[in-house]
Amino acid sequence: MRETKENLLGSYLMDRRSKLDPAALGFSLGRRRTPGLRREEVAQRANVSATWYTWLEQGRGGAPSSNLLLRIARALMLTDAEREYLFLLAFGRPPEVTHNTVESVTPRLQRVLDSLDSSPAYLKTPTWDVVAWNRAAALVLTDYGEVEPDQRNILRLIFDNPYMPNKMPNWESDARFVVAAFRADVARAGASAASKALVEELCAKSQEFRVMWAENTVSGAYGEYPKIVAHPIAGPIALEYSAFAVDGRPDLGMVIYCPATPVDRERVLSLLEGEYFEKGIGAIRRTPSMS
C-alpha cells in the first residue's frame, strides 16, 4: 500500500510487524511473500479480529481505543519510545503514564552520579524514594547507606525527623517546595495510587505535612534562592537545586545540588578530601539525616 500522510499509522504498523520473526513467536514459516508477521498473526497476538486489524492498517474504520492500541503495541513488541510514537500517530498524544516500581539502577547511571564529584546528586523515583547517590550527597546531605532502604524517602526524611528544622535553616520554604513538587511528580508519573500510603502516613505523623498537603500547591521549579544546609562539620553550605529527567528511564529523576559559590564548593571538597575526618566525621553518622 502506498504510504500517504493520511496513513502514517498504517505504514508504521506494517513496518513494525515486518521486523518480527514469526518462528521466534511460535508461528510456522511456511510460504511467506513478505518478511515478518502476517496481519492475522498480529491480530491473534493482540486478541482482536483480523478484519479490524486489516482495516486499521488500511486507514479504514476510524481510530482505535487506547486499550486496543496498547494491545497492538504489545503484540508488536514495541519499546516505550516506539509505543509513544504509535500513540502520537494515532491520537496526537503520548499514552497515559503508568507507575512502575524501580528495580535497579545501572552501573552507567551510578558512574554519572560519581562523576559529579563536588555536587551532591541522587536518583529518585516519582514517589521520591532515593535509589542511588554519590559520595558528595552522602557527606553533605544524608548518608543514605545508613538509612533502611524502605525509609530512603525525601518526604520521610524531612517530615518524620524532629531535628530536621535545625539542619535546614529555611526548613519551611524547602518543605513547601518538596510537597508541591512531589504532588506534581506523582501525578505526572501516574503514581498517585502508589503514593497514597506514604501521604496518609505522613499526614498522621506530621501536622506540618498535613497542612501543606491540604493546600494543594503544585510546583515544578525551586526558585532563585539556594538551599542552605547547616552541616555539622563544615558549617553552612549553599546549594543550587536542579532536577533532570533520565533518558530512557521515565521511572527515575536526577537531582543535582551545585555549590552556589566558590566558598561552598571548597567546603564540599574539604569533606570529600577528608580534611575533617579526624575532627569527627563520625558525628555526621550520628546526626539526624538531611535531605
Side-chain angles (χ1 to χ4, degrees), residues 1-113 115 123-126 131-132 185 187-194 244-254:
M1 180 174 61
R2 182 170 60 88
E3 178 179 335
T4 66
K5 181 178 179 181
E6 290 73 22
N7 195 36
L8 290 176
L9 173 62
S11 298
Y12 186 66
L13 291 171
M14 286 190 291
D15 178 76
R16 290 298 90 191
R17 68 179 171 86
S18 73
K19 301 296 195 296
L20 296 177
D21 181 0
L25 297 174
F27 294 106
S28 172
L29 290 177
R31 296 182 60 183
R32 293 175 181 266
R33 292 180 298 176
T34 57
L37 296 187
R38 299 185 177 104
R39 286 170 175 162
E40 59 267 26
E41 291 167 342
V42 175
Q44 178 182 333
R45 285 174 53 79
N47 195 28
V48 299
S49 77
T51 299
W52 180 87
Y53 180 76
T54 298
W55 286 356
L56 180 65
E57 278 199 3
Q58 294 175 345
R60 302 158 56 193
S65 67
S66 296
N67 180 58
L68 284 174
L69 204 61
L70 284 173
R71 284 155 59 181
I72 297 296
R74 286 193 292 269
L76 293 172
M77 302 180 69
L78 300 187
T79 65
D80 288 345
E82 290 167 344
R83 184 176 67 247
E84 180 178 3
Y85 182 67
L86 181 68
F87 268 70
L88 289 171
L89 290 177
F91 305 128
R93 61 167 178 79
E96 294 182 3
V97 294
T98 55
H99 174 63
N100 297 310
T101 302
V102 176
E103 297 293 338
S104 62
V105 171
T106 64
R108 178 181 65 86
L109 286 175
Q110 185 62 57
R111 287 193 292 272
V112 172
L113 292 176
S115 70
L123 291 169
K124 64 177 179 61
T125 69
V131 294
D185 275 2
R188 187 181 301 114
S192 296
F244 303 92
V246 178
D247 186 33
R249 291 295 300 268
D251 55 340
L252 290 176
M254 180 176 291

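For clarity, every value in this text was computed on a predicted model and none was experimentally measured. Side chains included, hydrogens not; waters and symmetry mates left out as well; all remaining heavy atoms used. Position 1 is the first residue of the sequence; numbering continues from there.
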Spacing of CG belonging to Leu78 relative to OH belonging to Tyr85, to within rounding of 0.5 Å: 12.0 Å
Pairwise distance OG1(Thr51) to CG(Leu56) - rounded to 0.5 angstrom: 12.5 Å
Whether Asp251 side chain and Thr125 backbone form a donor-acceptor pair below 3.5 Å: no
Residue pair Leu20 / Leu37: nearest heavy atoms and the distance that separates them: CD1-CD1, 3.7 Å
Side-chain donor or acceptor of Arg17 paired with backbone N/O of Gly36 under 3.5 Å: no
Closest heavy-atom pair and its distance - Arg31, Arg38: O-NH2, 3.0 Å
Residue pair Gln110 / Ala132: nearest heavy atoms and the distance that separates them: OE1-CB, 3.6 Å
Worked check of side chain to side chain contact (heavy atoms under 4.5 Å, CB included) between Arg45 and Phe27: CA-CA 11 Å; Arg45 285 174 53 79; Phe27 294 106; 3.9 Å; yes
Polar contact flag, side-chain donor to acceptor under 3.5 angstrom, Arg93-Ser66: yes
side-chain contact (heavy atoms from CB on, under 4.5 Å), paired with Leu86, selected from Leu69, Leu70, Leu76: Leu69
Atom pair CG/OH of Asn7 and Tyr12 - distance to nearest 0.5 Å: 14.5 Å
Test side chain to side chain contact (heavy atoms under 4.5 Å, CB included) applied to Arg60 and Thr54, step by step: CA-CA 8 Å; Arg60 302 158 56 193; Thr54 298; 5.6 Å; no
N-O pairing of Lys19 and Glu82 below 4.0 Å: no
Closest non-hydrogen atom pair between Leu68 and Pro64, with its separation: CB-CB, 4.4 Å
Shortest non-hydrogen contact between Leu25 and Met77, atoms and distance: CD2-SD, 3.7 Å
Closest non-hydrogen atom pair between Tyr53 and Ala43, with its separation: CB-CB, 4.0 Å
Between CD on residue Glu84 and OG1 on residue Thr79, distance to nearest 0.5 Å: 9.5 Å
Qualifying side-chain hydrogen bond (donor to acceptor under 3.5 Å, both in side chains) pairs with a residue from residues 67-76, counting only residues at least two apart or across chains: none
Heavy-atom check, side chain of Val112 versus side chain of Val246, under 4.5 Å: no
